[in-house]
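In what follows, chains are A, B, ... by sequence order, proteins preceding strands, each numbered from 1.
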2 protein chains.
Amino acid sequence: MNDHLSTTFAALADPTRRAILAKLASGEASVSELAEPFSISMPAITKHLKVLENAGLISRTRSAQFRPCKLEAAPLKEVAGWVEEYRRFWSESFDRLEAYLAQVQAEEHTGKKKKKHKKKHKH
Amino acid sequence: MNDHLSTTFAALADPTRRAILAKLASGEASVSELAEPFSISMPAITKHLKVLENAGLISRTRSAQFRPCKLEAAPLKEVAGWVEEYRRFWSESFDRLEAYLAQVQAEEHTGKKKKKHKKKHKH
DNA sequence: TGGTTATTTAGCTGATTGGTTAATTACAAT
DNA sequence: ATTGTAATTAACCAATCAGCTAAATAACCA
């Protein structure tokens with residue numbers, strides 16, 4: 001899982017980390033500020049922040065003893081791009097989706113499709 | 001990690017599983033067909049499919065000895081909805097983003113809204 | 001009935017994850 | 001110089017993960 005998208009998805013697969021991003025959406029925050037809503041230790045937060053930073057989802061600066069975090073949304077653009085490829089699978093009703101696929105299949109009758117399973121038609 | 005969104009993100013955080021979804025986007029496929037592009041064992045594929053099924057990203061039927069898989073995109077809609085909340089952080093330049101935020105804040109205080117802006121976040 | 005094909009289950013690894021406590025670094029204010 | 005606050009590192013633990021081989025199950029075919 002060395003690819004960027006996998007790292008991003010893995011970073012997002014934790015509710016604590018998503019909550020941190022949500023908070024950062026309303027502005028920079030220090031580590032303590034980010035930790036406040038949770039009942040876990042500071043080192044645990046530090047680890048979460050490291051995961052987010054490693055995924056490029058946050059950046060950090062220094063200000064006195066504080067290390068303010070800032071949201072970096074570029075990887076989310078990548079996520080949005082990926083998921084967009086599947087939009088047609090949920091944005092159309094089932095029947096319209098079937099019709100769409102049938103049409104696509106008909107249009108690509110240039111080559112032969114190796115469909116070895118029968119199609120079910122129980123509506 | 002018992003929340004649906006975390007399960008979905010975790011399922012997507014693996015290139016093999018995303019490749020399986022990509023293949024299923026062009027139609028149902030049997031386990032062997034899905035395994036073909038990869039150099040990993042069949043049991044490994046079975047496990048990946050179980051992760052995807054558990055996340056609601058695929059469904060399975062029976063056809064003779066085959067257990068065809070089908071893409072189920074509903075969880076992806078959820079992902080798209082989540083990431084959409086962050087669109088403004090990448091779709092505008094920084095300066096315009098600042099302006100946008102200031103404007104939204106002002107509108108929230110006056111009770112007017114020019115743009116739909118959801119605020120609820122659940123994890 | 002027995003054999004072949006498709007797939008899953010069982011049981012084993014090594015790596016990673018999310019958490020902990022205790023110690024440590026970095027800086028500010030006295 | 002000493003104290004206090006912010007944050008990190010070190011070292012550990014239990015649970016999960018992604019892979020493997022070998023064996024078991026399920027359905028078809030001859």
Side-chain angles (χ1 to χ4, degrees), chain A residues 1-21 23-24 27-70 114-118 120, chain B residues 1-21 23-24 27-55 57-70 123:
Chain A
M1 117 126 97
N2 20 22
D3 65 299
H4 199 186
L5 203 44
S6 294
T7 305
T8 304
F9 275 128
L12 297 177
D14 183 288
T16 302
R17 288 196 288 265
R18 290 200 307 280
I20 288 173
L21 293 182
K23 174 139 190 183
L24 290 178
E28 299 191 9
S30 70
V31 179
S32 305
E33 284 168 346
L34 291 173
E36 187 263 326
F38 308 104
S39 53
I40 60 179
S41 66
M42 285 290 292
I45 297 290
T46 294
K47 283 191 182 181
H48 281 307
L49 292 178
K50 214 175 272 184
V51 172
L52 290 170
E53 190 177 21
N54 194 257
L57 285 162
I58 65 171
S59 64
R60 322 190 60 178
T61 53
R62 280 192 100 114
S63 171
Q65 316 101 312
F66 305 89
R67 273 85 153 174
C69 301
K70 180 172 169 292
K114 56 164 183 178
K115 192 84 172 175
K116 56 166 77 164
H117 303 312
K118 62 169 182 335
K120 317 190 316 177
Chain B
M1 259 183 262
N2 25 20
D3 66 298
H4 198 189
L5 202 44
S6 294
T7 305
T8 304
F9 276 128
L12 297 178
D14 184 288
T16 302
R17 287 195 289 263
R18 290 199 308 280
I20 288 173
L21 293 182
K23 174 138 192 182
L24 290 177
E28 299 190 10
S30 70
V31 179
S32 304
E33 283 168 347
L34 291 174
E36 186 262 327
F38 308 104
S39 54
I40 62 180
S41 67
M42 285 291 291
I45 297 289
T46 294
K47 282 191 183 180
H48 280 308
L49 293 178
K50 214 176 271 184
V51 172
L52 290 170
E53 189 176 21
N54 194 257
L57 286 162
I58 66 170
S59 63
R60 323 190 62 177
T61 53
R62 281 192 100 114
S63 172
Q65 316 102 315
F66 305 90
R67 268 141 258 207
C69 301
K70 181 172 167 294
H123 293 109

Exercise for the section: For nucleotides 12-25 of chain D, just jot down a letter per nucleotide in 5' to 3' order: B, S or -, based on protein non-hydrogen atoms under 4.0 Å. Expected result: ------SBBBB---

Exercise for the section: May I have the step-by-step check of side-chain contact (heavy atoms from CB on, under 4.5 Å) for A:Val31 and A:Met42, ending in yes or no? Expected result: CA-CA 8 Å; A:Val31 179; A:Met42 285 290 292; 3.6 Å; yes

Taking atom [atom2] of [N] as reference, at what distance in whole Å does atom [atom1] of [X] sit?
X       : N      : atom1 : atom2 : result
A:Leu52 : D:dT8  : CG    : P     : 12 Å
A:Asn54 : C:dT16 : CG    : P     : 13 Å
A:Leu34 : D:dA7  : CG    : P     : 9 Å
B:Glu36 : C:dT7  : CD    : P     : 13 Å
A:Ile45 : D:dA6  : CD1   : C1'   : 14 Å
A:Lys50 : C:dT16 : NZ    : P     : 15 Å

Handout entry: Separation between OG1 of A:Thr16 and CG of A:Leu34, rounded to the nearest 0.5 Å
Key =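 These two atoms lie 11.5 Å from each other.
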
Problem - Atom pair CD (B:Glu33) and SG (B:Cys69), whose distance is rounded to the nearest 0.5 Å - result: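 Result: 9.5 Å between the selected atoms.
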
Exercise for the section: Would you please name every residue forming a salt bridge (Lys or Arg N to Asp or Glu O under 4.0 Å) with B:Arg18, sequence neighbours left out? Expected result: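 Residues passing salt bridge (Lys or Arg N to Asp or Glu O under 4.0 Å) with B:Arg18: A:Asp3.
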
Exercise for the section: In sequence, state the C-alpha distance, the side-chain angles, and the governing distance for B:Val51 and B:Leu57, and then conclude on side-chain contact (heavy atoms from CB on, under 4.5 Å). Expected result: CA-CA 9 Å; B:Val51 172; B:Leu57 286 162; over 6 Å; no

Has [X] got a side-chain N or O lying under 4.0 Å from the OP1 or OP2 atom of [N]?
X       : N      : value
A:Arg60 : D:dA6  : no
B:Thr46 : C:dT7  : no
A:Arg62 : C:dA26 : no

Problem - Donor-acceptor contact below 3.5 Å, side chain A:Arg60 vs main chain A:Lys50 - result: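 Looks like no, no N/O pair under 3.5 Å.
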
List, with names and distances, any nitrogen or oxygen atoms from the protein found under 3.5 Å away from nitrogen or oxygen atoms belonging to nucleotides 28-30 of chain C.
unit_1 : atom_1 : unit_2  : atom_2 : d
C:dA28 : O4'    : A:Gln65 : NE2    : 3.3

Exercise for the section: Taking the side chain as every heavy atom from C-beta outward, state whether A:Glu53 and A:Leu49 have any atom pair closer than 4.5 Å. Expected result: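 Not touching, per the 4.5 Å side-chain cut-off.
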
Problem - With A:Pro68, the side-chain contact (heavy atoms from CB on, under 4.5 Å) member among A:Ser63, A:Ser30, A:Ser59 - result: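 Filter result, single survivor: A:Ser63.
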
Handout entry: Worked check of side-chain contact (heavy atoms from CB on, under 4.5 Å) between B:Ile40 and B:His48
Key = CA-CA 11 Å; B:Ile40 62 180; B:His48 280 308; 4.1 Å; yes

Handout entry: Candidates C:dT9, D:dA7, C:dT8 - which lies nearest the side chain of A:Ser30
Key =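 When the side chain of A:Ser30 is considered, D:dA7 is the closest of C:dT9, D:dA7, C:dT8.
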
